[in-house]
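Both backbone and side-chain heavy atoms feed into the values below; hydrogens, waters and symmetry mates do not. What you are looking at is a predicted structure, and each value in this text was computed from that prediction instead of being measured.
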Amino acid sequence: MEKLKVGVLGGTGMVGQRFIQILENHPWFEVKEIAASARSAGKTYAEAVEGRWKLDEPVPDCVRDIVIRDINDIAGVTEDVDFVLSAVNMSKEEIRKIEEAYAKTETPVVSNNSAHRWTPDVPMIIPEINPEHAAVIEYQRKRLGTRRGFIAVKPNCSIQSYTPALAAWKDFEPYEVVASTYQAISGAGKTFRDWPEMNGNVIPYIAGEEEKSEKEPLRIFGHIENGQIVPAESPVIDCQCIRIPVLYGHTATVFVRLKKDPSKEELIEKLREFRGVPQDLKLPSAPEHFIQYCEEDDRPQVTKDVNYENGMGVSIGRLRKDVLFDWKFVGLSHNTLRGAAGGAVECAELLTAQGYIAKK
């Protein structure tokens, strides 16, 4: 197939850099435009990220000479792209406005940002779990007055470490969950060079994160009604979120109550067998096995498991009976791949396969 042309909004930040790295050799998509703040506009991409490149791999040669556009040059950015990936660093109100402005140029927007996660007719998708929520796009297009433009988002990075397990156990009816997430510094767009005070430190607060962690899975588990996503009422989730001195990988410790009484073997089997539309369609970014279960007592570990399935898989371990709840387990996901840029690219692949994104 002829590759779709992509614009990356906020391409100089950490998630924007991940977008560009992931798309370097992507079989379906190629980066055509990069947009950022006025400070970077007019520079080549290599010039703009010099001294600011946060990834271990070098800047891809295919984007080094792309001249960055001002994020507000919406007509210029969208003139020759089929869709955009968004990782802009603005206030939520500014993000809501600018993403809608891009969508109204008949350019689909797939966003890593949180600004539209609670817009009722914007789908928030983990492709393996709720691909059917894309159907709400038709209602959104009517509101926006567009034929092909729309906004879709991916959820918060930290919920990827435990929400897939809850989805795999849907038949067992989880109804109460307590989770604590131990989150890598790259989730704040930082490296240890940027944030040396995180070395050997733990910060027991991440602004806004606990509310997202408690509420966003319910939207993932919700349904479409009257042209909008209606969140599920169960399970009730209580969460604490802590920043720890790790570069990549969000770990979760989770306690869960189930209405049914499966065995440990049945729970593990559900995890290992869980698959979704991305696996059936063999989407380019989809892991072959979405969830791995680690038998070892000291797994999952960041150093051993964060890159499972190229960072797009989820690792679960230490499943055992609990004295207060029914079961407890530990989950791990890569926060800038599965949790951020990779999850958004897989979402764009899903929307392409479903026909929502196509060549202009």
Side-chain angles (χ1 to χ4, degrees), residues 18 56 126-129 154-170 172 174 177-188 198 202 206 209 213 216-217 220 237 239-256 258 262-276 278-279 285-322 325-343 346:
R18 272 288 187 204
D56 293 334
I126 297 177
E128 283 81 0
I129 298 176
K154 52 145 291 296
N156 185 47
C157 51
S158 68
I159 76 167
Q160 319 271 344
S161 55
Y162 56 92
T163 301
L166 302 179
W169 294 338
K170 180 181 178 181
F172 303 133
V177 176
V178 172
S180 292
T181 57
Y182 303 87
Q183 301 187 203
I185 64 171
S186 56
M198 272 307 299
V202 168
I206 305 172
E209 199 75 4
S213 299
E216 288 187 16
I220 296 294
I237 301 173
C239 198
Q240 290 197 110
C241 299
I242 297 169
R243 189 74 72 193
I244 62 170
V246 165
L247 182 58
Y248 297 119
H250 288 350
T251 298
T253 58
V254 185
F255 301 79
V256 59
L258 307 169
S263 67
K264 180 176 179 178
E265 290 72 24
E266 288 174 313
L267 289 165
I268 292 172
E269 183 181 26
K270 287 287 189 182
L271 295 173
R272 287 177 167 159
E273 290 184 350
F274 188 76
R275 57 186 287 115
Q279 285 69 44
S285 297
E288 183 177 355
H289 299 105
F290 182 36
I291 303 173
Q292 71 165 341
Y293 183 76
C294 304
E295 297 281 359
E296 299 89 340
D297 288 339
D298 61 352
R299 303 271 293 277
Q301 289 182 30
V302 168
T303 56
K304 294 181 179 180
D305 300 302
V306 76
N307 290 314
Y308 168 64
E309 290 278 18
N310 297 312
M312 290 297 290
V314 175
S315 300
I316 304 293
R318 300 210 67 211
L319 177 65
R320 57 218 192 276
K321 282 280 192 180
D322 185 65
F325 285 69
D326 294 325
W327 296 92
K328 53 190 171 185
F329 67 91
V330 176
L332 172 66
S333 59
H334 196 302
N335 56 294
T336 67
L337 289 170
R338 165 53 67 175
E346 189 187 37

J.: Just to verify, what does E309 make a salt bridge (charged side-chain N to carboxylate O under 4.0 Å, His left out) with, not counting sequence neighbours?
T.: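 Not a single residue meets the salt bridge (charged side-chain N to carboxylate O under 4.0 Å, His left out) criterion with E309.
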J.: Any idea how F290 and F274 line up, ring-wise: parallel (<30°), tilted (30 to 60°), or perpendicular (>60°)?
T.: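 Rings of F290 and F274: tilted, 30 to 60°.
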J.: CD1/I316 to CZ/R299 distance, rounded to the nearest 0.5 angstrom?
T.: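 Here the rounded value is 13.0 Å.
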J.: Tell me the closest heavy-atom pair linking T163 and P217, and the distance in Å.
T.: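 Scanning both residues completely, I find the closest heavy atoms to be OG1-CG, 3.6 Å.
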J.: Test side chain to side chain contact (heavy atoms under 4.5 Å, CB included) on Q292 and L332; report intermediate values, then the result.
T.: CA-CA 10 Å; Q292 71 165 341; L332 172 66; over 6 Å; no
J.: Could you check whether any side-chain N or O of Y308 sits under 3.5 Å from a backbone N or O of H289, counting only pairs where one atom can act as donor and the other as acceptor?
T.: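 Yes, Y308 side chain to H289 backbone: donor-acceptor pair under 3.5 Å.
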J.: Could you tell me which residues satisfy salt bridge (charged side-chain N to carboxylate O under 4.0 Å, His left out) with R318, sequence neighbours excluded, listed by chain and number?
T.: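 Once residues adjacent in sequence are excluded, R318 has no partner under the salt bridge (charged side-chain N to carboxylate O under 4.0 Å, His left out) criterion.
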J.: Per the side-chain contact (heavy atoms from CB on, under 4.5 Å) rule, which among L267, V177, D326 passes with V256?
T.: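 Of the listed residues L267, V177, D326, the side-chain contact (heavy atoms from CB on, under 4.5 Å) partner of V256 is V177.
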J.: Do you know the tightest heavy-atom contact between M312 and G342?
T.: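 Of all heavy-atom pairs spanning M312 and G342, the closest is CE-O, 3.4 Å.
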J.: Of all heavy-atom pairs between H334 and V306, which one has the smallest distance, and what is that distance?
T.: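 Minimum heavy-atom separation between H334 and V306: CB-O, 3.5 Å.
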J.: Please walk me through it: do Y162 and T181 pass side chain to side chain contact (heavy atoms under 4.5 Å, CB included)?
T.: CA-CA 9 Å; Y162 56 92; T181 57; 3.9 Å; yes
J.: Mind checking what makes side chain to side chain contact (heavy atoms under 4.5 Å, CB included) contact with E273, not counting sequence neighbours?
T.: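 E273 satisfies side chain to side chain contact (heavy atoms under 4.5 Å, CB included) with E269 once adjacent residues are dropped.
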J.: Which residues satisfy the salt bridge (charged side-chain N to carboxylate O under 4.0 Å, His left out) test with E265, sequence neighbours excluded?
T.: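 E265 satisfies salt bridge (charged side-chain N to carboxylate O under 4.0 Å, His left out) with no other residue.
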J.: Ring centroid separation for W327 and F172, is it under 6.0 angstrom?
T.: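 Not under 6.0 Å, so no.
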J.: Taking E216 for the side chain and N156 for the main chain, is one N or O donor matched with an acceptor at less than 3.5 Å?
T.: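 Here the side-chain-to-backbone pair exists.
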J.: Hey, which of K154, R338, E346 is the one that makes side-chain contact (heavy atoms from CB on, under 4.5 Å) with I126?
T.: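 Testing each of K154, R338, E346 against I126, the sole residue satisfying side-chain contact (heavy atoms from CB on, under 4.5 Å) is R338.
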J.: What's the spacing between I291 CD1 and S333 OG if we round to 0.5 Å?
T.: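 Rounded to the nearest 0.5 Å, the CD1-OG separation comes out at 11.0 Å.
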J.: Can you name the side chain to side chain contact (heavy atoms under 4.5 Å, CB included) partners of D297, sequence neighbours left out?
T.: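 Listed in chain order: nothing, the list is empty.
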J.: Look up atom CZ in F329 and atom SG in C294, then write down how far apart they are to the nearest 0.5 Å.
T.: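 These two atoms lie 12.5 Å from each other.
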J.: Mark yes when over 12 heavy atoms from residues, nucleotides or ligands other than E288 sit less than 6.0 Å from its CD; otherwise mark no.
T.: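 12 or below, so no.
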J.: Has Q279 got a side-chain atom pairing as donor or acceptor with G276's backbone, closer than 3.5 angstrom?
T.: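 Looks like yes, one N/O pair under 3.5 Å.
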J.: Could you tell me whether the side chain of W169 reaches within less than 4.5 Å of the side chain of L271, counting heavy atoms only?
T.: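 Yes; the side chains approach each other to less than 4.5 Å.
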J.: Measuring from atom OG of S263 to atom CD1 of I268, what distance do you get when rounded to the nearest 0.5 angstrom?
T.: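 If we round to the nearest 0.5 Å, S263:OG and I268:CD1 are 8.5 Å apart.
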J.: Applying side chain to side chain contact (heavy atoms under 4.5 Å, CB included) to N310 and L337, what does each step give before you reach the verdict?
T.: CA-CA 8 Å; N310 297 312; L337 289 170; over 6 Å; no
J.: How far apart are the closest heavy atoms of P155 and I220, and which atoms are they?
T.: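 That closest heavy-atom pairing would be CG-CD1, 4.0 Å.
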J.: Is the closest side-chain heavy-atom distance between E209 and S158 below 4.5 Å?
T.: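 Yes, side chains in contact.
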J.: For residues 240-252, run the donor-acceptor check on the side chains, cut-off 3.5 Å, and write out each pair with its distance to 0.1 Å, sequence neighbours left out.
T.:
residue : atom : partner : partner atom : Å
R243    : NH1  : A184    : O            : 2.8
H250    : ND1  : A184    : N            : 3.0

J.: Take T253 and K328, measure what side chain to side chain contact (heavy atoms under 4.5 Å, CB included) needs, and give me the verdict at the end.
T.: CA-CA 7 Å; T253 58; K328 53 190 171 185; over 6 Å; no
J.: Looking only at the side chains, is there a donor atom on one of N335 and Q183 sitting less than 3.5 Å from an acceptor on the other?
T.: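 Side-chain D/A pair, N335 to Q183: absent.
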